[in-house]
2 protein chains.
Amino acid sequence: MTARRSDATRAAILAAARERFATDGFERATIRAIAADARIDPSMVMRYYGNKEALFAAAADFDLRLPDLGDTPRDEVGAALVRHFLERWEDDETLMALLRTAVTKEAAAERMRSIFAGQIGPIAARLSPDPAQAATRAGLVATQMLGFALCRFVLRLPPVVAMPAEEAVAWFSPTVQRYLTGEVDLYFSHDR
Amino acid sequence: MTARRSDATRAAILAAARERFATDGFERATIRAIAADARIDPSMVMRYYGNKEALFAAAADFDLRLPDLGDTPRDEVGAALVRHFLERWEDDETLMALLRTAVTKEAAAERMRSIFAGQIGPIAARLSPDPAQAATRAGLVATQMLGFALCRFVLRLPPVVAMPAEEAVAWFSPTVQRYLTGEVDLYFSHDR
DNA sequence: CTCGTTTGCCAACACTTGTTGGCAAACCAT
DNA sequence: ATGGTTTGCCAACAAGTGTTGGCAAACGAG
């Protein structure tokens, strides 16, 4: 009963939309192109998803799917996070669609904010020496992870693209670890 | 002789273009809107800049203007870089225009690449323990600096927006410093 | 089979986009 | 003043956009 004959079409549209949004961003990804990829008429997209914004909302539904790090040793959480993030990015183009769009569409930016606050926030809350710093620490982690993804997958800076995954893990893990559990070095916070 | 009467108009168009590209990105910034901001007819934009791409190229002309860090102590270069980058970003919207556009336009991405390779590369080349790692280290610095800018100015993650400039410097300086002069910790590069 | 429902396509809409050509006013050297 | 050049605006174009309504074929319960 719940299985309609059009479910395959719906899924094809969604898959094509994710791909187009990921490679072209929201504006350049046209309904017509998405429909063509899904081998369907553009009007079907509207019938099944209402409008372009709603289609994007459906296509950009994303979960970091962070594993439970409860039993990971405190000083290894950074590495685990970096590794998971890198894998997640590589096998799901949704994050790419989200980032490419979040830069110019407020709704997508808001989703990005809620993903990072909602999923990295709790981890930071558990690890931060001072609970009041949890949000700040989650933000710091986001800057490094998103910066890496931006440079590697979107801007494609050659040295960042060429870097083997494990070397990236080696470089970024200590950074993320420090953002989560380290202390602020006040030495740097005063002009000299 | 070289000072034409239309130079003021040209400048007004360029200023309006920079602003629109910075806040809206390339696609959403329309020639008509830019012309309206400059209180000029859209056709003038075309006459003076040829087409939209060329206008963007002119508006997105950017230089990091890194100071000569030759006499900065080796272990303070990270802090100096972070501070300079933050200031540069705050008082020149060109970088914002560039980033918002580089995410979907290859030409802008290429310009971003050349800016970071050409301006951070030499610094990394001078500081890197191993000259062969210079490009990689410059790329690492780019991930953290661009990631910070992305989260603070574009995505506007609340904790990153709220962070005082000097606290940001305190957090990011050690990271950048390590990317420039630190050693890779192989401990993190093996699964356990 | 029969008839209402679902699925799909076609054609068109209203609108916005970058871009162009022509025309009038302002300018400026002679 | 005169003639050519510069500056600006208007109106329009061609192309592409999201979106809509209607119509035909396929489907599926009775």
Side-chain angles (χ1 to χ4, degrees), chain A residues 1-60 97 100-108, chain B residues 1-60 97 100-108:
Chain A
M1 182 195 290
T2 60
R4 302 162 170 273
R5 187 162 41 102
S6 62
D7 284 354
T9 305
R10 280 190 153 83
I13 293 173
L14 208 59
R18 243 189 288 267
E19 205 170 320
R20 284 283 176 177
F21 284 137
T23 63
D24 297 343
F26 185 81
E27 337 276 344
R28 304 170 77 96
T30 70
I31 298 276
R32 282 173 167 83
I34 292 169
D37 288 356
R39 271 180 258 280
I40 220 68
D41 189 87
S43 62
M44 303 300 295
V45 178
M46 310 305 296
R47 181 178 297 172
Y48 290 139
Y49 290 94
N51 59 34
K52 194 181 179 184
E53 302 239 0
L55 172 63
F56 177 81
R100 277 227 162 87
T101 301
V103 156
T104 42
K105 293 271 292 182
E106 177 55 23
Chain B
M1 181 196 290
T2 58
R4 303 160 171 276
R5 189 160 41 99
S6 60
D7 284 354
T9 305
R10 281 190 153 83
I13 293 173
L14 208 60
R18 244 190 286 268
E19 203 171 320
R20 283 284 176 177
F21 284 138
T23 62
D24 297 343
F26 185 81
E27 337 277 344
R28 304 169 77 93
T30 71
I31 298 275
R32 281 172 167 84
I34 292 169
D37 288 357
R39 270 179 260 277
I40 219 67
D41 189 87
S43 62
M44 304 300 294
V45 179
M46 311 305 295
R47 182 178 298 173
Y48 290 139
Y49 291 94
N51 59 35
K52 194 182 178 182
E53 302 239 358
L55 173 64
F56 177 80
R100 278 227 161 86
T101 302
V103 154
T104 41
K105 292 273 292 182
E106 177 55 24

Upstream residue (5' side of DNA chain D) when A:M46 and B:T9 are each assigned their closest nucleotide:
B:T9

Does B:K105 have any side chain to side chain donor-acceptor pair (under 3.5 Å) partners at least two apart in sequence or in another chain, and if so, which?
B:E53

Go through residues 13-31 of chain A and report each residue with a non-hydrogen atom lying under 4.0 Å from DNA chain D, sorted by number.
A:A29, A:T30, A:I31

Parallel, tilted or perpendicular: rings of A:F56 and A:F21 (30°, 60°):
perpendicular

Check whether any side-chain heavy atom of B:T104 lies under 4.5 Å from a side-chain heavy atom of A:T104, and answer yes or no.
no

Heavy-atom side-chain contact between A:T30 and A:D24 under 4.5 Å:
no

Return the set of residues passing side chain to side chain donor-acceptor pair (under 3.5 Å) with B:R28 (not counting sequence neighbours), or none when no residue passes.
A:E27

Take the protein atom CZ of A:F56 and the nucleotide atom P of D:dG18, then report the distance between them rounded to whole Å.
14 Å

Which protein N or O atoms sit under 3.5 Å from an N or O of nucleotides 9-12 of chain C?
unit_1: C:dC9; atom_1: OP2; unit_2: A:D41; atom_2: N; d: 2.7
unit_1: C:dC9; atom_1: N4; unit_2: A:S43; atom_2: OG; d: 3.3
unit_1: C:dC10; atom_1: N4; unit_2: A:S43; atom_2: OG; d: 3.2

Residues which pass side chain to side chain donor-acceptor pair (under 3.5 Å) with A:T23, listed by chain and number, not counting sequence neighbours:
none

Measuring to OP1 and OP2 of C:dT6, would you say a side-chain N or O of A:S6 lies under 4.0 angstrom away?
no

Summary of side chain to side chain donor-acceptor pair (under 3.5 Å) pairs that have at least one residue in residues 8-18 of chain A, sequence neighbours excluded:
A:S6-A:R10

What is the distance, to the nearest angstrom, from the CZ atom on A:R10 to the P atom on C:dT6?
11 Å

Provide, to the nearest angstrom, the distance between the CD atom belonging to B:E53 and the C1' atom belonging to C:dT19.
13 Å

Categorize B:Y49 for me: base, sugar-phosphate, or nothing, with a 4.0 angstrom heavy-atom threshold over every strand shown.
nothing

Which atom pair, heavy atoms only, marks the closest approach of B:R20 to B:D37?
NE-OD2, 2.7 Å

